[in-house]
Amino acid sequence: MERTTTTIKIIRKSIHTFLKHYNYFTITTLLALPYSASILISSSSLSPDSISLHNTFHFRLLSLFDSIGIPTSYEYFSIFTLKLSQTLTSSILLLPFTLSFLLITKTYIIQHLHTHNKKPPPFTGIFNSILQTQLWNSFLIISANSTSFCVLFVAFNCLETLKVFTSSTLIILLSIIGGITYSIVIANSMIICNMALVLSGMETKGGFISILKACVMIKRRTTTALSLALYIHITLAGIEALFQFRVASVYANLRTSNSSPLVMLEGLVIAYLYSIIITLDTITNCMFYKSCILEDSKYFPNQEEGKIHGYCLKVKGEEDELQ
């Protein structure tokens, strides 16, 4: 119950912060617009390159799971491999947009919400820090996926050697357990990466050390972090579905029609909504970071000669103003 209250409080404060500084965050939302448009296009059927790369990944994943012994003929695994190949395709095609527009947007947001000092650190200092951390984050996500697939491969081969697969029901059950385990690993990796970006921006110290600090920071707050990420990703998934329904499917039938500009305008509005959620996601992570620092001050009041405690007093003052 307490974790639920904390989650709601962070979301409420994030929305309040966004509305309070709406003019500033409108600019950051516009900066994220190219990234939002590209991710919506890459996840739909509007990009030929995306379709080709997606089909390649999908075929390779099906071959990999077949070699492991996972029954890819079932609908559950068809959906799983389809979504996984879609994620891999988007990650590769969106890398230039991620390292430019997305990180610039996050940098401006973190700089605006930075309250360590009266004068926030320079833009270049924050950007260089989160750029280094983002590169390490990419390596972490790749490692998490590779490790998960290796463990699944070893597990299924051992079970097959022991002749555990005596029925199709047992195969499906074990495969679903493997899929759930994989999803948990990736979800935790994502929240660690998001927290590491904010932490490196706030402390202007990037690299792998930010990931380690993020792991320690969310160790006792995994439920809250997952809840915050769940709300954001459900909203983003809803916007992607809206784009697919209102733009991608309609635009395919209106390529030569005079209504196509209107469809493109509608797609631009949907991309702007996607950018707003990205901005809110970064604000939420910043609020979560401040909440963690404030909570840790109760256990480590003299950490780093009172620097953290002094920062927590500022954060506490902001919360009192909100309440």
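The structure displayed is predicted, hence computed values, not measured ones.
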Any donor-acceptor pair under 3.5 Å linking the side chain of [X] with the backbone of [Y]?
X: H233; Y: A229; answer: yes
X: S291; Y: M287; answer: no
X: Q134; Y: L99; answer: no
X: T133; Y: G207; answer: yes
X: S129; Y: T204; answer: yes
X: T147; Y: A144; answer: no
X: N285; Y: D281; answer: yes
X: N137; Y: C193; answer: yes

Answer whether the closest heavy-atom distance between the side chains of [X] and [Y] falls below 4.5 Å.
X: Y274; Y: L236; result: yes
X: L212; Y: I209; result: yes
X: Y108; Y: I126; result: no
X: T279; Y: T282; result: no
X: Y182; Y: N145; result: yes
X: S42; Y: L94; result: yes
X: T17; Y: F25; result: yes
X: L230; Y: L226; result: no

Can you tell me how far [atom2] of [Y] sits from [atom1] of [X], rounded to the nearest 0.5 angstrom?
X: K213; Y: Y289; atom1: NZ; atom2: OH; result: 8.0 Å
X: I104; Y: L131; atom1: CD1; atom2: CG; result: 10.0 Å
X: L273; Y: I239; atom1: CG; atom2: CD1; result: 5.5 Å
X: I276; Y: T29; atom1: CD1; atom2: OG1; result: 5.5 Å
X: M217; Y: I192; atom1: CE; atom2: CD1; result: 12.5 Å
X: I186; Y: I141; atom1: CD1; atom2: CD1; result: 6.0 Å

Contact summary for [X] and [Y], nearest pair of heavy atoms:
X: V247; Y: G267; answer: CG2-CA, 3.5 Å
X: P122; Y: Q111; answer: C-NE2, 3.8 Å
X: A271; Y: L40; answer: CA-CD1, 3.6 Å
X: T107; Y: L103; answer: OG1-O, 2.6 Å
X: S200; Y: S210; answer: CB-OG, 3.3 Å
X: G201; Y: I110; answer: C-CG2, 3.7 Å

### Message
Could you go through F208 and Q132, starting from their C-alpha distance and side-chain angles, then the distance that decides it, and tell me whether this counts as side chain to side chain contact (heavy atoms under 4.5 Å, CB included)?
### Response
CA-CA 8 Å; F208 186 70; Q132 295 176 31; over 6 Å; no
### Task
With side chain to side chain contact (heavy atoms under 4.5 Å, CB included) as the test, would you mind laying out the steps for L228 and I191 before giving the verdict?
CA-CA 9 Å; L228 293 172; I191 63 175; over 6 Å; no
### Query
F18 vs Y22 aromatic rings, parallel, tilted or perpendicular, using cut-offs 30° and 60°?
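It falls in the perpendicular class, over 60°.
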### Task
Look at the aromatic rings of F127 and F123 and report parallel, tilted or perpendicular, splitting at 30° and 60°.
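Because their plane-to-plane angle is under 30°, the rings of F127 and F123 count as parallel.
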Shared ILVMFWY cluster between [X] and [Y], side chains joined below 4.5 angstrom?
X: I41; Y: L30; answer: yes
X: L135; Y: L102; answer: yes
X: I10; Y: L19; answer: yes
X: I270; Y: F97; answer: yes
X: V269; Y: L280; answer: no

### Query
Does one side chain, of S36 or S275, offer a donor that lies under 3.5 Å from an acceptor on the other?
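Distance-only check passes for S36 and S275.
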### Message
Regarding T6 and T224, do their side chains bring together a donor and an acceptor under 3.5 Å, going by distance alone?
### Response
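No, because no side-chain N or O of T6 sits under 3.5 Å from a partner of the opposite role on T224.
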### Query
For the side-chain contact (heavy atoms from CB on, under 4.5 Å) test, which of L113, I11, I15 pairs with I283?
L113
## Note on the structure
The ring pair (Phe, Tyr, Trp, His ring centres under 6.0 Å) partners of Y231 (sequence neighbours excluded) come to none
### Message
Other residues, nucleotides and ligands only: do more than 12 of their heavy atoms fall within 6.0 Å of CZ on F139?
### Response
no
#### Entry: Test side chain to side chain contact (heavy atoms under 4.5 Å, CB included) applied to Y272 and L33, step by step
CA-CA 6 Å; Y272 182 76; L33 191 58; 4.2 Å; yes
